[in-house]
Amino acid sequence: MAGCPACPLSLSRTRVVTGVFPAGARVLLVGEAPGAAEDAGGLPFVGRSGQLLDTLLAAAGLARAGLAVCNVVKCRPPANRPPRAVEVRTCRPWLDRQVGLIDPAVVVTLGATALAWALGRSARLAQAHGLPHDFGERVLVPTYHPAAALRFGPRGAPMAALRADLGTVASLLSERL
Ligand code: URA
């Protein structure tokens, strides 16, 4: 994956951000695409969104160090624009393969791009978030992207939903283990 030339993002990226996959992880978090901090550092969710994610995960009792984390698209889109459909489509085999290899019990999608990867483009975050969905032999829990929580602020709906939905993930995990 590190040298993937398959789409135009390969021309503008600094590096491919493959993800973080601790041995034995039972949860896989899937974001949208690397931002500037991730493109520079090579790790997912290390910028402002990542810092908020860490805080919310800890509040839910989910230690980030034990979770697998990656993105739908592995290379930073220029100026942090959303990834284009063709980029998502081209990158899809990498993510599908990662899910098979990591074999998590629970997949958590963060935001609309990751929800569309999991459930198709007609799925709506406002309806789907926080509800456990069948996802092959896994459980899928869609939630909001931490960038939306930052945008709408501490009293906004995305922050409240993220907190509650990550709590649901923690409960599911304790039931399944
Ligand atoms: N936003 C994402 O979707 N993924 C990252 O890794 C960082 C920010």
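Given the structure is predicted, the values throughout are model-derived calculations rather than measurements. We count ligands from 1, going down the list as the structure has it; atoms in each ligand are counted the same way. We use all heavy atoms of the structure for the numbers below, so side chains are in, but hydrogens, waters and symmetry mates are not.
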> Can you list the residues that meet the side chain to side chain donor-acceptor pair (under 3.5 Å) rule with H145, with sequence neighbours excluded?
Replying inline: none

> For H129, which of T109, T143, D165 qualifies under side-chain hydrogen bond (donor to acceptor under 3.5 Å, both in side chains)?
Replying inline: D165

> With atoms numbered from 1 as shown, which atoms in ligand 1 lie under 4.0 angstrom from a non-hydrogen atom of E32?
Replying inline: 2 (C), 3 (O)

> Would you say H145 and ligand 1 have an N/O pair spaced under 3.5 Å apart?
Replying inline: yes

> How about F152: does its CZ atom have over 12 heavy atoms from other parts shown lying under 6.0 Å from it?
Replying inline: no

Pairs of donor and acceptor atoms involving the side chains of residues 37-47, under 3.5 Å and at least two apart or interchain, shall be tabulated with distances.
from : atom 1 : to  : atom 2 : distance (Å)
E38  : OE1    : G35 : N      : 2.8
E38  : OE2    : V46 : N      : 2.9
E38  : OE2    : G47 : N      : 3.0
D39  : OD1    : T14 : N      : 2.8
D39  : OD2    : T14 : N      : 3.4
D39  : OD2    : T14 : OG1    : 2.5

> Are any of the N/O atoms in A33 less than 3.5 Å from those in ligand 1?
Replying inline: yes

>> Ignoring hydrogens, what is the shortest heavy-atom contact between A170 and A60? Give both atom names and the distance.
In response: CB-O, 3.4 Å

>> I need the atoms of ligand 1 closer than 4.0 Å to a non-hydrogen atom of G31, numbered in the order shown.
In response: 3 (O)

>> What I want to know is whether F45 and ligand 1 share at least one N or O pair that is separated by under 3.5 angstrom.
In response: yes

> Under 6.0 Å from the CZ atom of R163, do we count more than 12 heavy atoms belonging to anything else shown?
Replying inline: no

> What residue and atom, counting heavy atoms only, is the protein's closest point to atom 4 (N) of ligand 1, and at what distance?
Replying inline: N71 OD1, 2.7 Å

> Would G47 count as a contact of ligand 1 if the rule is a heavy atom under 4.0 Å away?
Replying inline: no

> Do ligand 1 and E38 have nitrogen or oxygen atoms that lie under 3.5 Å from each other?
Replying inline: no

> Near P44, which atoms of ligand 1 are under 4.0 Å from a heavy atom of that residue?
Replying inline: 6 (O)

> Do L131 and V141 have side chains that get closer than 4.5 Å, going by heavy atoms?
Replying inline: no

